[in-house]
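Encoded as structure tokens, the structure appears first; notes follow it.
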There are 2 protein chains.
Amino acid sequence: MTSPNSSREGSLGELEHIVLLTLVRLGDDAYGMSVRSTIHELIGRDISIGAIYTTLERLQDKGYVRSSMGEATAKRGGRAKKYFKVTAKGTKALRAVRSNLEVLWQGIQIFGSLDGEFGRI
Amino acid sequence: MTSPNSSREGSLGELEHIVLLTLVRLGDDAYGMSVRSTIHELIGRDISIGAIYTTLERLQDKGYVRSSMGEATAKRGGRAKKYFKVTAKGTKALRAVRSNLEVLWQGIQIFGSLDGEFGRI
DNA sequence: ATTATTTATTCTACAATTTAGAAAAAATGA
DNA sequence: TCATTTTTTCTAAATTGTAGAATAAATAAT
């Protein structure tokens, strides 16, 4: 690549998109394991924990999230969690992706209609 | 990988998602170049033509689209186009992705509100 | 106090997807 | 014939997605 294609802002990999969105949803309780189980509960997708963490790390490298260590809790296996928080930049990326998807889906009619709408961003 | 994770149905790569959706939009006029320009017009993303074609081919390998050659047109450079059509399987994948996204975005509130909704699928 | 179990993160290596750019093909126009 | 245009194909590489094993740190059980 010579010139870094700038038209690619508002572009997130599929898993990055899902993970970032789940972080927003989880708020203060967002860490590796909870992200994984929440995604599973919401859409039934079983992503390995290793995949979750590499994605989280890449998201951090890109400045879309930051992380901070919590404290251990007094229960079996309650080691300290690494919490993740979406940055302003991450929020912006999410908004852009959302906006693009709305345009792309606008007017698309495929039988079997699902009539939901996206939540506000 | 030992067992092919089946929870991954209703999963399309980001570009696959965009391209498939654009094929639906274009209907009978969907071929490499038109897909590329339409995406550019809709979301301003400048994807190389090579990238479009590799995606189209992969989509075909997965059975999400089929292709057929058209005829040459009587104009400069009017060589025969390769038209693409979304299959029932492709439509199904699109519906699943859409459904998952609706769930994931449900209830997400990020300032700067975009209040559109997805088109029906 | 050693060992087991649980929750959690990190590491490693590979597969799949995305990407650009150059090459080739097939048409008309000069 | 040579140039130009529209279109597809090929090639190589970067980025993203993936699982599984290893490690760590806590409490529970013996």
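Salt-bridge check for B:R58 with B:E16: passed, with a basic side-chain N closer than 4.0 Å to an acidic carboxylate O. Using a 4.0 Å cut-off between charged side-chain N and carboxylate O, B:E41 and B:R25 make no salt bridge. Ionic pairing of B:K85 and B:D28 is present here: one or more N-O contacts between side-chain nitrogen and carboxylate oxygen are shorter than 4.0 angstrom.
Using a 4.0 Å heavy-atom cutoff across all strands shown, A:I47 reaches sugar-phosphate atoms only and no base atom. At the heavy-atom level, A:G50 lies under 4.0 Å from base atoms of the strands shown. B:R45 comes within 4.0 angstrom of sugar-phosphate atoms only, judged by non-hydrogen atoms across all strands, and of no base.
Among the nucleotides D:dT7, D:dT16, C:dT17, the one closest to any side-chain atom of B:M33 is D:dT7. Out of C:dA20, D:dA19, C:dT17, the shortest distance to the side chain of A:N5 is found at C:dA20. In the set C:dT17, C:dT6, C:dG29, C:dG29 carries the atom at the smallest distance from any side-chain atom of B:R76. Taking every side-chain heavy atom of B:E16 into account, C:dT18 is the closest of C:dT18, D:dT18, D:dA26.
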Please lay out, stage by stage, how A:I18 and A:R45 fare under the test side chain to side chain contact (heavy atoms under 4.5 Å, CB included). CA-CA 11 Å; A:I18 293 172; A:R45 185 152 155 199; 3.6 Å; yes

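Remark: B:K75 is not in phosphate contact with D:dT7, judged by side-chain N or O atoms under 4.0 Å from OP1 or OP2.
With hydrogens and angles ignored, no donor-acceptor pair closer than 3.5 Å exists between the side chain of A:R79 and the base of D:dA25.
In this structure, CG of B:L56 is placed 15 Å from C1' of C:dT19, rounded to the nearest angstrom.
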